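Taking it in order: structure first as structure tokens, then the write-up.
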2 protein chains.
Amino acid sequence: MPEELSEAKANATCAIADVWEVLGRRWTLHILKNLSTRNVIRFNELKRALDGISSTVLAGRLLELEREGLVTKKIYPEVPPRVEYSMTPQARELEVIIKDLARWANKWRRPDGMKTAAIAPQKK
Amino acid sequence: MPEELSEAKANATCAIADVWEVLGRRWTLHILKNLSTRNVIRFNELKRALDGISSTVLAGRLLELEREGLVTKKIYPEVPPRVEYSMTPQARELEVIIKDLARWANKWRRPDGMKTAAIAPQKK
DNA sequence: CGGTATCCTAGCTGATACTG
DNA sequence: CAGTATCAGCTAGGATACCG
């Protein structure tokens with residue numbers, strides 16, 4: 001009777017809604033991707049990896065992800081300061097789904113248009 | 001040998017990027033949800049179902065979805081005009097993944113904050 | 001009915017500082 | 001190093017009006 005599967009009138013997307021809002025934002029997916037390849041990563045390290053993102057935005061994205069329970073930050077009271085970000089188990093599970101999505105995307109990749117330039121994050 | 005699974009440096013999200021841009025936009029998920037419950041649906045019918053969306057935006061979203069190959073429109077040269085929208089097989093496959101996502105979202109539904117209030121029990 | 005054409009605004013995004 | 005504060009630009013989204 002879990003209606004996650006059989007709902008017909010209520011909105012199944014409700015629960016997704018807020019996560020979706022975060023995931024849909026710029027850079028978020030790329031941040032997650034970078035996190036997924038390493039266990040932990042530091043702020044500027046991540047910033048360099050993304051190259052093009054500003055501190056402002058990166059900090060914002062990370063905060064959102066943290067609030068959604070997808071990322072945890074660990075602060076080391078040192079000087080110079082060190083902060084390590086990592087994915088939560090929740091995010092690890094999401095990772096799997098995103099890979100399904102990636103597989104799906106590759107499978108149906110537009111054979112004609114080819115508008116999906118290999119790298120291009122999605123600027124502008 | 002398909003590295004959709006094992007990639008470690010390239011961006012797996014690349015292929016997703018443009019679909020993501022569409023899926024991440026407002027209303028899109030809801031449109032898809034409505035389409036998924038019915039085989040075909042007409043413009044204003046959909047508009048009523050979403051209630052709150054403007055013609056401008058709905059038309060835009062539908063066009064985007066069509067371009068992504070997720071939706072097809074069928075125009076009947078009648079008067080008054082009738083246009084039916086439906087999901088493509090590609091979208092049907094995506095539907096499965098989105099349900100996985102919904103399941104994931106429900107599973108990890110914030111037990112504490114409860115900011116994701118299904119129907120918002122408390123205010124603000 | 002099923003859209004387009006216009007216009008307007010909130011807010012995301014980014015650049016540029018500046019701190020602990 | 002790891003951010004915040006501030007300001008500016010652009011654009012997605014919505015309201016409104018109109019047409020085939």
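Computation of the quantities below employed the complete heavy-atom set of this structure, encompassing side-chain atoms and omitting hydrogens, waters and symmetry-equivalent molecules. Letters go in sequence order (proteins before strands), and every chain restarts at 1. As the structure is a computational prediction, the values presented were derived from the model and not from experiment.
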Of the candidate nucleotides C:dC1, D:dA2, C:dT13, which contains the atom at the shortest distance from the side chain of A:Arg61?
-> C:dT13
Map A:Glu64 and B:Val83 onto DNA chain C by nearest heavy atom, then report which one ends up closer to the 5' terminus.
-> B:Val83
Could you work out which one of D:dG13, C:dT13, C:dG2 sits closest to the side chain of B:Arg25?
-> D:dG13
So how far is it from B:Trp27 CH2 to B:Leu62 CG, rounded to the nearest 0.5 Å?
-> 12.5 Å
Donor-acceptor pair under 3.5 Å, B:Ser55 side chain vs C:dT4 base = no
Looking at the side chain of B:Lys73, which of D:dC1, C:dG3, D:dA2 is the nearest nucleotide?
-> C:dG3
Among C:dC1, C:dG2, D:dT6, which is the nearest nucleotide to the side chain of A:Thr56?
-> D:dT6
So what does A:Tyr76 touch, heavy atoms closer than 4.0 Å: a base, only the sugar-phosphate, or nothing?
-> nothing
Distance-only, no hydrogens or angles: does the A:Glu21 side chain make a donor-acceptor pair with backbone N or O of A:Asp18 under 3.5 Å?
-> no
Any sub-3.5 Å donor-acceptor pair from B:Thr88's side-chain atoms to B:Gly69's backbone N or O?
-> yes
Residue A:Arg26, side-chain heavy atoms: nucleotide from C:dT13, C:dA15, D:dC1 that is nearest = C:dT13
Report yes if at least one side-chain N or O of A:Tyr85 is closer than 4.0 Å to OP1 or OP2 of D:dC1; otherwise report no.
-> no
What are the two closest heavy atoms between B:Ser55 and B:Lys47, and how far apart are they?
-> OG-NZ, 2.8 Å
Output a table of nitrogen or oxygen pairs between the protein and nucleotides 18-20 of chain D separated by less than 3.5 Å.
none

Measure the distance from CD on A:Glu21 to P on C:dG11 and round it to the nearest whole Å.
-> 12 Å
Output yes when at least one side-chain N/O atom of A:Trp27 is less than 4.0 Å from OP1 or OP2 of C:dG14, else no.
-> yes
Classify the side-chain pair B:Lys74/B:Ser86 by whether it contains a donor and acceptor separated by less than 3.5 Å.
-> no
Taking only N and O in the side chain of B:Arg82, is any of them less than 4.0 Å away from OP1 or OP2 of C:dG2?
-> no
Could you give the NZ-to-P distance, from A:Lys74 to D:dG3, as a whole number of Å?
-> 15 Å
State which residue, out of A:Leu63, A:Leu65, A:Leu70, fulfils the side-chain contact (heavy atoms from CB on, under 4.5 Å) condition with A:Arg67.
-> A:Leu63
Establish, with yes or no, whether the OP1 or OP2 oxygen of C:dG2 is under 4.0 angstrom from a side-chain nitrogen or oxygen of B:Arg42.
-> yes
Establish, from distance only, whether the side-chain atoms of B:Glu93 and A:Trp108 form a donor-acceptor pair under 3.5 Å.
-> yes
